[in-house]
Amino acid sequence: MYKIVKAEELAKNIYLMEVEAKRVAHSCKPGQFVIVKLDEKGERIPLTICDYDKDAGTISIVFQTVGASTQRMAELKAGDSFRDFSGPLGCASEFISESLEELKNKKMLFVAGGVGTAPVYPQVKWLHNHGIDADVIIGSKTKDMLILEDEMRAVAGNLYVTTDDGSYERKGLVTDVIKDLVNNQGKKYDVIVAIGPMIMMKFVSLLTKELNIPTIVSLNPIMVDGTGMCGACRVTVGGKIKFACVDGPEFDGHLINFDEAMKRQQMYKSDEGRAILKLQEGDTHHGGCGQCGGDE
Amino acid sequence: MDVMKKVPVREQDAKIRATNFKEVCLGYNKQEAMEEATRCLNCKNAKCIVGCPVSIDIPKFIKEVSDGNIEEAAKTIGKSSALPAVCGRVCPQETQCEGKCIRGIKGEPISIGKLERFVADWSRENNIEPEAPKPSNGKKIAVIGSGPAGLTCAGDLAKEGYDVTIFEALHEPGGVLVYGIPEFRLPKDSVVKHEIDNVKKLGVKIETNVVIGKSTTIDDLMDEEGFDAVFIGSGAGLPKFMGIPGENANGVFSANEYLTRNNLMKAFQEGYETPILAGKKVAVVGGGNVAMDAARTALRLGAEVHIVYRRSEEELPARVEEVHHAKQEGIIFDLLTNPIEILVNENGWVSGMKCVKMELGEPDASGRRRPVEMKGSEFEMELDTVIMSLGTSPNPLISSTTDGLEVNKWQCIIADEEHGKTTKEGVYAGGDAVTGAATVILAMEAGKIGAKGIMEYLGNK
Ligand SMILES: Cc1cc2nc3c(=O)[nH]c(=O)nc-3n(C[C@H](O)[C@H](O)[C@H](O)COP(=O)(O)OP(=O)(O)OC[C@H]3O[C@@H](n4cnc5c(N)ncnc54)[C@H](O)[C@@H]3O)c2cc1C
Ligand SMILES: Cc1cc2nc3c(=O)[nH]c(=O)nc-3n(C[C@H](O)[C@H](O)[C@H](O)COP(=O)(O)OP(=O)(O)OC[C@H]3O[C@@H](n4cnc5c(N)ncnc54)[C@H](O)[C@@H]3O)c2cc1C
Ligand code: SF4
Ligand code: SF4
Ligand code: FES
Ligand SMILES: [Mg+2]
């Protein structure tokens, strides 16, 4: 069992939890993820590592409730436990293995969308701790859903926040900010790291290809084991099949077949709808969702 | 009774079992087992033992069964095998013990597997405990992977007083026994879990959710955590795909994914949260045990299922019993058929598969006749699901993170056959991780060899 030592609602439907997981905390690096399982009947849910404390042996995860499992997870409180917490999985961000000299000469821009802010944070923090301040763009649907702003400001170079509806700072998409920085403000970036919804990573990659800036994205396809055993997470990168859980999750954004990846992400859509309805309606759910055949 | 014929074993009726996940074969009861045991000739020069990779003293245990001494029979088997309830069910007996049985020359061989299974099940039902281990010798061994290779190695070492910890990447121990082989062939709670509990009773600790190469490394286990030796039994879990167009469409799965969702994650059982897309019309590509398991699982989930295999029935690598059961249950075999493209609809879902007919030509390097395409024989099957079952290879996670551990060109860990010794000092390996995908009993044999190798190594140190 893996004890939750802190549980907090960061914004509407977005939760942060700090979990005791000594081995994971001991070995993890920015860019990696974990797989959690609530209890005997739960799914294996992949979540990016958002922060870690090697001394305390804890890992922070941040998640948004999007379906039945994440909703159930949101009900956990400090003192509760996960049955399983496996990791760290996937490869660490590539820049970690570069020399600090090289890194210091590189101008990096991080682009975070929504809960994607959580996985961007440990990367920017790692750079900051090594004397490098990277610029960061955070895009949020609206002011109420913005997370980790203060934490990010403390470790970032310049921080640009934008909201889709203009309820806070600027109005517009993260791609608008990138265009503005590069085309109008004369900023030069050697590499961009974009993490957020697949659709955002797709459009950032399309733009940066035009701007000729190398771009890394962190893919979140559907996973089961997370160890390279099932192939559920396969994505096409540069025409080749890669397993995101072991070959990634970070890849060259300019080489990814995003349309295929987005379709694959939807694979269980109707099944999920059914699971949510069941969770909400409990035993009173008798069809009507168009999926389960109701009373069969 | 006809001594030339096996005492028939009771099975669930094919029509009924095609709709449930309960075990197909019901096994012998004591009376049936004793009757079958009397058919054994108790050969002086028992060939059956030679056919068993772990050399169970088959005539002895069968003699005990015929005398009604089931507990003694269990002890005899226990000397050589830690997982008899598993092997009795899934060993390819027809090519091993039973394939060599002298009775089999003129009549049907003795049902060695079914007898072994009976003895193991009887011991479980009668709470027979394994023999107690020797007192601790203070030496720490790490075993990576909790499949049959790892469990056997751990059990053998623990019996001799070693302090053994198994590290398992998944959240349940058992390897393929848990995530791959379905419930209807190998019940998880009653059989597999019980055999794992027996290994634990010997003092073996099992730490789940530890991915060696990620959570920690072999070097760290030895240098920082004080393990004196390591056995790698990490299996061959990496699935292959064909590389044909459409393979990443929605509705195309590896057999590993399909089976893992169903078996490990229990998607078929009410209340478990992991979804599975069962499919209505399913093609399983491949002809091995894994393909049969995926096909029969899809059938039970309600689909019409086709096995698509490029050679003929004779070359099917699956066990005869499995093919027979699959046919009884209504699986359709499209043999001498090879997929060349998966057809995808406008929403990205599988709509069918384009195949060509094959014919058998000259024998190839494997001795089997090579299938060659028949020109102009292309046709399309209408489908909503395709399950790829083309084999697996070892995962490079461990070899790529361990200094000095060498692999061959198939990513299999190099280990010598007599001791399981790898190219790294103190590190031993065996099972599918070394041989590539093989069988439960060969993995167990490799686990035994590794345990012996480790004991010799630490004894001489
Ligand atoms: C490497 C990786 C890192 C991730 N990091 C985070 C994170 O830090 N914070 C966060 O909120 N989310 C993260 N996700 C996504 C998260 O795993 C899903 O939101 C979660 O599994 C949804 O579960 P559910 O049952 O609540 O929703 P469901 O209703 O089952 O599904 C909603 C959507 O979530 C996705 N999803 C469902 N099951 C899985 C699965 N097994 N694996 C991956 N995606 C799935 C699908 O796109 C699906 O359409 C990450 C995913 C991956 C692969
Ligand atoms: C569907 C299916 C049906 C089969 N049917 C039969 C049959 O009827 N008869 C038969 O004899 N054989 C059958 N086999 C083959 C047989 O199951 C295997 O040969 C056998 O399980 C191999 O045992 P193993 O211990 O080497 O590896 P596995 O059983 O594969 O176990 C390896 C374990 O190591 C773990 N692991 C891997 N990497 C790591 C890591 N880095 N860190 C920690 N843990 C790790 C895995 O999660 C797994 O639990 C079948 C296989 C499959 C897939
Ligand atoms: S372990 Fe397998 S090969 Fe050996 S006797 Fe039992 S069934 Fe036969
Ligand atoms: S070879 Fe057959 S008949 Fe002879 S001892 Fe073995 S099982 Fe009995
Ligand atoms: S999640 Fe199974 S291979 Fe990646
Ligand atoms: Mg879900």
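Atom set for the values below is all heavy atoms of this structure, side chains included, hydrogens, waters and symmetry mates excluded. Every value quoted in this text rests on a predicted model; they were computed, and no experiment measured them.
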S.K.: Could you look at A/Phe85 and say if it's the side chain, the backbone, both or neither that has a heavy atom under 4.5 Å from chain B?
M.R.: backbone
S.K.: Hey, mind stepping through B/Thr392 and A/Met229 against side chain to side chain contact (heavy atoms under 4.5 Å, CB included) and telling me if it holds?
M.R.: CA-CA 9 Å; B/Thr392 53; A/Met229 183 267 279; over 6 Å; no
S.K.: Above 12 or not: heavy atoms from other molecules or residues under 6.0 Å from NZ of B/Lys193?
M.R.: no
S.K.: Nearest 0.5 angstrom please: B/Ile212 CD1 to A/Thr227 OG1, how far?
M.R.: 12.5 Å
S.K.: Please say whether more than 12 non-hydrogen atoms of neighbouring residues, nucleotides or ligands are located less than 6.0 Å from NZ in B/Lys281.
M.R.: yes
S.K.: Count the heavy atoms belonging to other residues, nucleotides or ligands that lie under 6.0 Å from NZ of A/Lys54, then report whether that count exceeds 12.
M.R.: yes
S.K.: Show the numbers, then the answer: is there a side chain to side chain contact (heavy atoms under 4.5 Å, CB included) between B/Thr274 and A/Arg44?
M.R.: CA-CA 8 Å; B/Thr274 302; A/Arg44 291 173 65 91; over 6 Å; no
S.K.: Identify which one of B/Leu170, B/Asn256, B/Leu264, B/Thr260 satisfies the side chain to side chain contact (heavy atoms under 4.5 Å, CB included) criterion when paired with A/Asp225.
M.R.: B/Leu170
S.K.: Pick from A/Pro88, A/Ala21, A/Ala92: which one has the most heavy-atom pairs with chain B under 4.5 Å?
M.R.: A/Pro88
S.K.: By a 4.5 Å heavy-atom criterion (distance strictly below it), what part of B/Glu168 contacts chain A: side chain, backbone, both, or neither?
M.R.: neither
S.K.: Looking at A/Gly228 and B/Pro239, what are the two nearest heavy atoms and their distance?
M.R.: O-CD, 3.6 Å
S.K.: Let me know if B/Tyr258 has heavy atoms under 4.5 Å from chain A in its side chain, its backbone, both or neither.
M.R.: neither
S.K.: What I want to find out is whether B/Glu207 reaches A/Arg23 closely enough, with some N-O distance under 4.0 Å, to be called a salt bridge.
M.R.: yes
S.K.: Please classify the contact of A/Val224 with chain B as side chain, backbone, both or neither, using a heavy-atom distance under 4.5 Å.
M.R.: side chain
S.K.: A/Lys37 versus chain B, heavy atoms under 4.5 Å apart: side chain, backbone, both or neither?
M.R.: side chain
S.K.: Please look at A/Val235 and chain B and tell me whether the side chain, the backbone, both or neither of the residue comes under 4.5 angstrom of a heavy atom of that chain.
M.R.: backbone
S.K.: Below 4.5 Å, heavy-atom pairs only: which of B/Glu247, B/Met265, B/Arg261 has the largest tally toward chain A?
M.R.: B/Arg261
S.K.: Anything under 30° is parallel, anything over 60° is perpendicular, the rest tilted; go ahead and classify A/Tyr268 against B/Phe253.
M.R.: tilted
S.K.: Sort B/Glu172 into side chain, backbone, both or neither according to what part of it lies under 4.5 angstrom from a heavy atom of chain A.
M.R.: side chain
S.K.: Starting at OH of A/Tyr2, measure out to CG of B/Asn209 and round the result to the nearest 0.5 Å.
M.R.: 4.0 Å
S.K.: Side chains of B/His171 and A/Arg83: do they bring a donor and an acceptor to under 3.5 Å?
M.R.: no
S.K.: Among A/Gly231, A/Cys91, A/Gly42, single out the residue with the greatest number of heavy-atom pairs under 4.5 Å to chain B.
M.R.: A/Gly42
S.K.: Could you check if a side-chain atom of B/Val211 sits within less than 4.5 angstrom of a side-chain atom of A/Ser86, using non-hydrogen atoms only?
M.R.: yes
S.K.: Run the side chain to side chain contact (heavy atoms under 4.5 Å, CB included) check on A/Lys41 and B/Gln269 step by step: do they pass?
M.R.: CA-CA 10 Å; A/Lys41 294 189 173 173; B/Gln269 233 169 304; over 6 Å; no
S.K.: Would you say A/Gln32 and B/Lys214 make side-chain contact, with heavy atoms under 4.5 Å?
M.R.: yes
S.K.: If you count heavy-atom pairs within less than 4.5 Å of chain B, which of A/Gly87, A/Cys28, A/Ala261, A/Gly226 leads?
M.R.: A/Gly87
S.K.: Measure the shortest side-chain to side-chain distance between A/Lys263 and B/Asn347 over non-hydrogen atoms and say whether it is less than 4.5 angstrom.
M.R.: no
S.K.: Select one option (side chain, backbone, both, neither) describing which atoms of B/Ser215 are under 4.5 Å from chain A's heavy atoms.
M.R.: both
S.K.: For the residue pair A/Glu43 and B/Tyr272, confirm or rule out a side-chain donor-acceptor distance under 3.5 Å.
M.R.: no
S.K.: Using non-hydrogen atoms and a 4.5 Å limit, figure out which bit of B/Ala249 sits close to chain A: side chain, backbone, both or neither.
M.R.: backbone
S.K.: Counting only non-hydrogen atoms closer than 4.5 Å, does B/Val252 touch chain A with its backbone (N, CA, C, O), its side chain (CB onward), both, or neither?
M.R.: both
S.K.: Quiz question: by atom type and distance under 3.5 Å, do the side chains of A/Thr236 and B/Asn248 form a donor-acceptor pair?
M.R.: yes
